[in-house]
S.K.: 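Would you mind keeping the following structure in view while I ask a few things?
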Amino acid sequence: TTVSTVSSIVTKVVVGEEKTGEWCGFCPRGAVGLAETSMSNPDDFIGIAIHNQDAMVVASYDGSIDDYIPGGYPGGGVDRVIAGDPGEFTAMYNARKSVVVPASVEASGTYDENTITVDITANFVGSLSGDYRLAAVLIEDSVAGAGQANSYSGGGDGPMVMPNTGSMPNYDFAAGPQTVSPFYHDHVARALGDDEINGKAGSLPSMNADGDTVTYTYTFNRDNNWNIDKLHVVGMLVNGSTGEILNAGKGNVNPPLGISENKSKSLSLFTYPNPSNGLVNLSIDSE
């Protein structure tokens, strides 16, 4: 028996991964499940939607997730140790939320015209040795797809309503058409760091002690189709041998510090008509 101790308790953040695709008529159930659990647990649950056979697919992620979430679509799982129906994300989250973890995880990113650079940091409160890694995923909210198939249309398969959050708040799939268009997808996986679902080997030392802080940097080619204002980075501490996600963190992707701004030399304001009867137009002229 191996007994490990930690010097303090840090927040356990659960990662929920959903197998989905716009072709899949029952996949709205997964979108609803992710949205509900994310809304109820904003500080310790991170949702990721992994698309299949549509324009949002990430081949390396889509091709590897079946090892941890087997079966058909939609599919769901948390921390790559529990898999089940994506309508049960909250129950799966509850089964993992009290796990004691050896480190907290922070994630942050910056971008320039061509590149997105992210730092994943593990802050250890206990020792950890073996093949453990720091992984990174870019995710984007409010992605307009080609149209989401909807088997719940007409209500024959029961109610299915989005919660009051996200890009499709309160959307009633039973009242919607068989293909919902436009449909705006949240939590969409856009890229994997080094195309490795469990992170790059060697991104963490083989021996980590209480008090250690380790950062690993991933670089992504920036896709101009991504909305940088809706992009986030998810960092994960992963067991490279089993795929278990021990802990995770989520951060924004920001412009680099010291970015230059083009400011006009002069600004002129005009109001008309002048005098007015209470309603005026404002004209702005800059040079």
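Reckoned from all heavy atoms, side chains included, excluding hydrogens, waters and symmetry mates.
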S.K.: Would you please say whether a donor-acceptor pair under 3.5 Å links the side chains of Glu17 and Tyr61?
M.R.: yes

S.K.: For Phe183 and Phe173, take the angle between the two ring planes, folded into 0 to 90°, and tell me which bin it lands in: parallel under 30, tilted 30 to 60, perpendicular over 60.
M.R.: tilted

S.K.: May I ask you to check whether Asp119 and Thr217 show a side-chain donor-acceptor distance below 3.5 Å?
M.R.: yes

S.K.: Any luck finding a side-chain donor-acceptor pair between His51 and Asp62 under 3.5 Å?
M.R.: no

S.K.: Just by modelled atom types, is the Gly147 backbone N or O under 3.5 Å from a matching donor or acceptor in the Glu22 side chain?
M.R.: yes

S.K.: Applying side-chain contact (heavy atoms from CB on, under 4.5 Å), can you list everything that pairs with Glu244, at least two apart in sequence or on another chain?
M.R.: Val81, Arg96, Asn239, Thr242, Leu246

S.K.: Can you find a pair of side-chain heavy atoms, one from Pro74 and one from Lys19, that are under 4.5 Å apart?
M.R.: no

S.K.: Verify the distance criterion only: is there a donor paired with an acceptor across the side chains of Thr11 and Asp44 at less than 3.5 Å?
M.R.: no

S.K.: Can you check whether Val6 reaches Val100 side chain to side chain, under 4.5 Å on heavy atoms?
M.R.: yes

S.K.: If you draw a 6.0 Å radius around NZ in Lys230, do more than 12 non-hydrogen atoms from other residues or ligands fall strictly inside?
M.R.: no

S.K.: Would you please say whether a donor-acceptor pair under 3.5 Å links the side chains of Glu140 and Asn227?
M.R.: no

S.K.: Applying the side-chain contact (heavy atoms from CB on, under 4.5 Å) criterion to Phe89, which one of Val78, Val32, Val14, Asn41 satisfies it?
M.R.: Val78

S.K.: Using distance alone, with no hydrogens and no angle criterion, decide if Asn254 and Tyr111 have a side-chain donor and acceptor under 3.5 Å apart.
M.R.: no

S.K.: Picking from Thr110, Val253, Asp112, Val233, what satisfies side-chain contact (heavy atoms from CB on, under 4.5 Å) with Thr117?
M.R.: Thr110

S.K.: Are Val125 and Val99 connected, step by step, through hydrophobic side chains (Ile, Leu, Val, Met, Phe, Trp, Tyr) whose heavy atoms are closer than 4.5 Å?
M.R.: yes

S.K.: Is it true that Tyr216 and Arg133 share a donor-acceptor pair across their side chains at a distance under 3.5 Å?
M.R.: no

S.K.: Run the salt-bridge test on Glu113 and Arg222 with the 4.0 Å N-O cut-off and return the result as yes or no.
M.R.: no

